[in-house]
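Have a look at the structure below before the remarks.
Just so it is clear, the structure is predicted and the values come from calculations on it, not from any experiment.
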Amino acid sequence: MLDKRALRREIAAQKRALSPAQIEAASADLTAQLLAHPLFRAARSLYAYLSYNQEVRTLPLIRQAQALGKRVAVPKVYGETDMRFLWLDDPARIAPGAFGIPEPVDDGPEADDPAALVLMPGLAFDPQGHRLGYGGGFYDRFLAAEPHPTIALCYAFQLLPQLETEAHDIPVDAVLSAPV
């Protein structure tokens with residue numbers, strides 16, 4: 001088993017090797033899987049992330065969730081460690097924020113649905129729901145303070161047989177993957 005740093009480098013290199021067509025095809029597949037998933041169907045709100053670099057494209061699924069009548073919130077980072085989800089009524093009102101990751105231009109309103117489904121970004125996952133994030137701990141801190149149902153979308157090469165975890169790591173409830 002590679003250490004977390006080496007695994008992050010390896011997965012990031014595989015993501016950088018993806019073509020735009022591969023990203024779009026896998027993203028469309030994952031959007032369809034998510035729309036059919038019981039956790040998504042039961043949720044009134046979706047706390048999604050705005051994709052960055054070669055991540056699964058989330059803007060189309062955000063638009064589809066809104067078209068289905070779901071409220072959508074996305075994260076905004078404040079300072080070194082604080083991440084809050086803000087309602088995103090207008091997907092055009094986003095711009096690069098912390099770490100260059102897209103986030104809302106506005107500072108509110110803050111999302112307030114304790115049953116919202118949270119889409120979890122990450123570099124690697126396993127079938128047990130363990131997750132290797134980007135190293136900032138934002139989602140682990142958020143979910144430790146405010147538990148929510150969670151689901152991850154990933155490319156097939158990001159789904160590993162097993163990941164080592166630490167005490168502060170919060171597993172996801174479901175992992176959906178698509179071939180590239």
Side-chain angles (χ1 to χ4, degrees), residues 7-8 10-76 83 85-97 99-105 111 113 115-134 138-139 143 148-161 163 171-180:
L7 187 54
R8 281 187 177 106
E10 181 181 305
I11 297 293
Q14 289 182 60
K15 286 173 64 179
R16 281 192 303 274
L18 293 173
S19 72
Q22 289 174 306
I23 292 170
E24 295 305 321
S27 296
D29 182 343
L30 287 162
T31 295
Q33 288 184 54
L34 179 66
L35 294 176
H37 197 279
L39 285 174
F40 177 83
R41 294 171 67 92
R44 288 188 330 260
S45 303
L46 178 67
Y47 288 9
Y49 59 92
L50 293 165
S51 50
Y52 179 67
N53 287 340
Q54 300 83 23
E55 287 179 323
V56 171
R57 299 294 179 241
T58 57
L59 209 45
L61 72 87
I62 287 170
R63 288 188 177 112
Q64 288 191 40
Q66 289 172 325
L68 292 168
K70 296 184 188 293
R71 284 270 342 243
V72 176
V74 295
K76 185 165 185 168
M83 179 183 78
F85 280 89
L86 305 178
W87 293 120
L88 183 69
D89 296 323
D90 181 0
R93 295 202 44 81
I94 57 176
F99 312 105
I101 299 169
E103 59 183 33
V105 173
D113 182 353
L117 174 62
V118 176
L119 280 188
M120 297 288 286
L123 283 168
F125 305 89
D126 72 16
Q128 297 76 38
H130 301 125
R131 168 183 167 270
L132 176 67
Y134 292 92
F138 290 98
Y139 280 82
L143 291 168
H148 284 266
T150 55
I151 198 163
L153 309 176
C154 68
Y155 306 116
F157 64 81
Q158 293 177 275
L159 186 58
L160 305 178
L163 285 174
V172 296
D173 296 313
V175 179
L176 306 178
S177 69
V180 288

Hey, can you pull the donor-acceptor pairs under 3.5 Å for the side chains in residues 171-180, sequence neighbours left out?
residue, atom, partner, partner atom, Å
Asp173, OD2, Thr150, N, 2.8
Asp173, OD2, Thr150, OG1, 3.4

Glu24: partners by side chain to side chain donor-acceptor pair (under 3.5 Å), with sequence neighbours left out: none
Set of side chain to side chain donor-acceptor pair (under 3.5 Å) partners for Arg16, sequence neighbours left out: none
Steps toward side chain to side chain contact (heavy atoms under 4.5 Å, CB included) verdict (Leu18, Tyr155): CA-CA 10 Å; Leu18 293 173; Tyr155 306 116; 3.5 Å; yes
Contacts of His148 that satisfy ring pair (Phe, Tyr, Trp, His ring centres under 6.0 Å) - sequence neighbours left out: Tyr47, Phe142
CA sep, side-chain torsions, deciding dist, call: Leu117, Ile151, side chain to side chain contact (heavy atoms under 4.5 Å, CB included): CA-CA 7 Å; Leu117 174 62; Ile151 198 163; 4.0 Å; yes
What's the shortest heavy-atom distance between [X] and [Y], and which atoms?
X: Ile62; Y: Val74; value: CD1-CG1, 4.1 Å
X: Phe85; Y: Val118; value: CZ-CG1, 4.4 Å
X: Leu30; Y: Cys154; value: CD1-O, 3.5 Å
X: Pro102; Y: Leu50; value: O-CD1, 3.5 Å
X: Pro75; Y: Pro104; value: O-CD, 3.5 Å
X: Leu119; Y: Leu61; value: CD1-CD1, 3.7 Å

[atom2] on [Y] to [atom1] on [X], rounded to 0.5 Å:
X: Ile11; Y: Leu132; atom1: CD1; atom2: CG; answer: 8.0 Å
X: Leu86; Y: Ile94; atom1: CG; atom2: CD1; answer: 12.5 Å
X: Phe157; Y: Lys15; atom1: CZ; atom2: NZ; answer: 7.0 Å

Any donor-acceptor pair under 3.5 Å from Arg8 side chain to Gly133 backbone: yes
Donor-acceptor pair, side chain of Arg131 and main chain of Pro121, under 3.5 angstrom: yes
Any pair counted as salt bridge (Lys or Arg N to Asp or Glu O under 4.0 Å), so long as it reaches residues 25-46, sequence neighbours left out: Arg44-Asp113
Residue pairs, two or more places apart or on separate chains, that pass salt bridge (Lys or Arg N to Asp or Glu O under 4.0 Å) and touch residues 117-130: none
All pairs passing side chain to side chain donor-acceptor pair (under 3.5 Å) where residues 48-66 contributes a residue, at least two apart: Glu55-Tyr134
Heavy-atom side-chain contact between Leu68 and Leu35 under 4.5 Å: yes
Working for side chain to side chain contact (heavy atoms under 4.5 Å, CB included), residues Gln158 and Gln14: CA-CA 9 Å; Gln158 293 177 275; Gln14 289 182 60; over 6 Å; no
